[in-house]
Amino acid sequence: MTALYEVHAVGFIRLAVIMLGDRPVAEDVVQDAFCGLYRRWHQLDDPAKALAYVRSAVLNGCRSHLRARIRAERRIVAVAEQQAASPEDDALLAEEHAEVLAALRKLPARQREALVLRFYLDLTETDIAAVMGVSAGTVKSTTSRGIAALGRLLRGEL
Amino acid sequence: MTSVEDRLRAAARAAAITVGEGTAPPLRLPERGPDAEPRRRGRFIARAAPIAAALAVTSVVVTATVLHGNLPGPSPGQHPQPPLAPPRYFVGLSYVGQFKSWKLVRREAVVASTATGKGTATVVPPAPYNTFVAVSGAYDDRTFVLAAQRVSSGQSAQFRSPTKFYQLRINPPGSPAATTLSALPVPVLPPRTVSVFDGIALSPDGTRLAVTHSSGPVNPNITVYETATGHSRVWQVPQNEVGADPAIEAPSWEANGRYLALDVSSRHRGGQCLDCIRLLDTNRGGGNLLAASRNLVRSPDLHVYVTWNAALITPDGSHVLRSAIVPVPVTSNSFYDRSWIYDYTSAGALTRSLTSRRGLDWTLLWSSPDGQSFIASTTNENQDTGFITAALYAHGRWRPIPLPAQTLTAAW
């Protein structure tokens, strides 16, 4: 378990950072995912699929966190303020990249997830459909709408 | 010109490499072994309250009268009967103006008709406060409590603003004003004492206000205030009984106004079951929450990524309704989220499971005496606005309840 974490943790943290824009939260999500794997290790029908399990768990964790942000905003918090990358994070990214990521994080959660799976992890539509639990057609339409919305955001039309 | 897809690829990779190789923190596995409880995440409940009297509020009047001394309201010592059907009126919290940005965080209270969703009165907080952040109601369908804060544009309020509680009364027809807003003698909570407003619950007779403090600089606790005097009692989870990230959330009262159901959770379990709904006897003195309460329902070990969203005890105390987001296996190692509402007896037996594709993060807002019908809300899917839709579940069917535009939470 620990060896698996040492090899793959950074990759999963990177995925969560892209989804959430928040390194500490991303680390928590990945920690939780591996803790879940630890608890369920004996239930995995094929330990070789552990990484796929963790990836699903990380994405679920990101979804849950995004929902929690919305719930928090319903209480009090300004989500946009939270979702914006920190100044420290901004300093590490070129302005162009920061602009794209800020636009990405304004998309609805499912569009954001589909785009990250497609254009960061380079998963196929079939794989994305399996991960998201939707049809390949839904992946295609979600990705298409997400790219269109991202373009409009970057052009300042939204 | 570089395509949007290419720009996205480049940006994602640029963000990824900010996480350098070898910078992952050490893995912290559960201390209690593979059977340790899954972590549950935050949830919110706006406790609802039903009707006893029929009202006819017809005019739209903004009233922000701050009263001191005796407040109008339900008579203490009486146990109002919970209504069999949804109350005629509710109070929703809605964004002020047209939604454009999360930075516009001010919201007002709207008294609205359950049948039509039409607002009949709008209430704004008295200065210096400028937004309401939580609402809960009594059984008489005319007494509510609102929590107010002061925020600046673009500012996260919850850590920075004090919280002031007000009583909102819906006045009888013919009154000079449709509503009256009165400051409660409950102390103003200083900034940072309520890290996240996880829930308030006004007792059925309107004489007690339960406020949960889940985390932050204070230990997780439930405080019950007497609305007439501001006197309070506090029950805490002792620090040596909990692991990381403990939380007390989702308060809801039985009709007797004595027993209060709470969702008490912890990332790592301590000596007692802390991942469950507990029933607190508020007639007992403050102190140790675990000593003053007993387990009602233990969260089933459904899946490591189950998110428990809300809980609501039925007015007769016979059932507990809970909502959860449950990852559903798609393949042997991938999952998809599905929302469920579970109905448990007060003995912890699961009697009913409902699922819906309508939304995910269901919040339970009102229940009939035995829980056979209830009102729930969920955030609109694919909208990162936080606006909710609501529905009544009765006789095996969901029926939408219209809400005023841009409603974020509501209480019956």
Side-chain angles (χ1 to χ4, degrees), chain A residues 1-2 5 9-10 13-14 17-18 23 27 31-32 34-36 38-42 45-46 49 52-53 56-57 60-61 63-64 67-68 70-81 89 92-94 96-97 100-101 104 108-110 115-116 119-120 130-133 147 150-151 154, chain B residues 4-5 7-16 18-19 21-25 27-30 34-36 38-39 41-44 101-103 105 133-134 149 154-158 196-197 304-305 307 325 327-328 330-337 360-361 379 382-384 386 388 408-409:
Chain A
M1 172 67 72
T2 302
Y5 178 84
V10 165
I13 292 172
R14 287 171 171 171
V17 163
I18 295 168
R23 169 85 186 251
E27 290 178 356
Q31 285 276 344
D32 277 357
F34 274 90
C35 286
Y38 173 67
R39 293 187 189 99
R40 301 304 170 113
W41 184 264
H42 62 285
D45 54 357
D46 181 1
K49 296 178 179 176
Y53 173 92
S56 285
N60 278 333
R63 289 176 207 146
S64 294
R67 280 193 298 270
I70 291 175
R71 283 195 292 272
E73 162 55 22
R74 282 165 51 195
R75 293 165 234 171
I76 307 150
V77 181
V79 162
E81 183 176 321
D89 293 337
L92 298 173
L93 291 170
E96 152 70 9
H97 297 329
V100 174
L101 291 169
L104 176 71
R110 294 193 183 284
L115 293 187
V116 171
F119 296 107
Y120 173 63
V131 171
M132 295 181 67
I147 283 293
L150 190 63
L154 293 172
Chain B
V4 173
E5 291 91 333
R7 294 172 69 185
L8 176 57
R9 281 194 180 94
R13 286 167 186 157
T18 64
V19 181
E21 292 291 347
T23 61
L27 179 62
R28 304 181 300 271
L29 292 175
D35 292 332
R39 178 185 188 182
R41 296 175 177 81
R43 75 218 72 171
F44 174 74
S101 162
W102 284 112
K103 292 188 176 181
V105 293
V133 296
Q149 295 189 335
Q155 183 185 61
S156 296
Q158 67 184 36
V196 174
F197 225 113
V304 66
Y305 275 98
T307 302
I325 301 170
V328 178
V330 177
T331 64
S332 61
N333 51 27
S334 65
F335 304 90
Y336 186 69
D337 289 343
L360 280 174
D361 54 342
T379 49
N382 294 323
Q383 291 184 23
D384 283 350
I388 61 169
L408 289 151
T409 189

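Only a predicted model underlies this, so the values are computations on that prediction, with no experimental measurement involved. Quick note on labels: first sequence line is chain A, next is B, and so on, each numbered from 1.
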List the atom of [X], the atom of [Y], and the distance in Å for their closest heavy-atom pair.
X      : Y      : result
B/A24  : A/I13  : CB-CD1, 3.8 Å
B/R7   : A/V100 : O-CG1, 3.9 Å
B/A15  : A/L101 : CB-CD1, 3.5 Å
B/T23  : A/E27  : O-OE2, 4.3 Å
B/A14  : A/H97  : CB-CD2, 3.2 Å
A/F119 : B/R13  : O-NH2, 4.4 Å

### Query
Which one of B/P25, B/A12, B/G22 has the most heavy-atom pairs closer than 4.5 Å to chain A?
B/P25
### Task
Check whether A/I147 gets within reach of chain B through its side chain, its backbone, both or neither, counting any heavy atom under 4.5 Å.
both
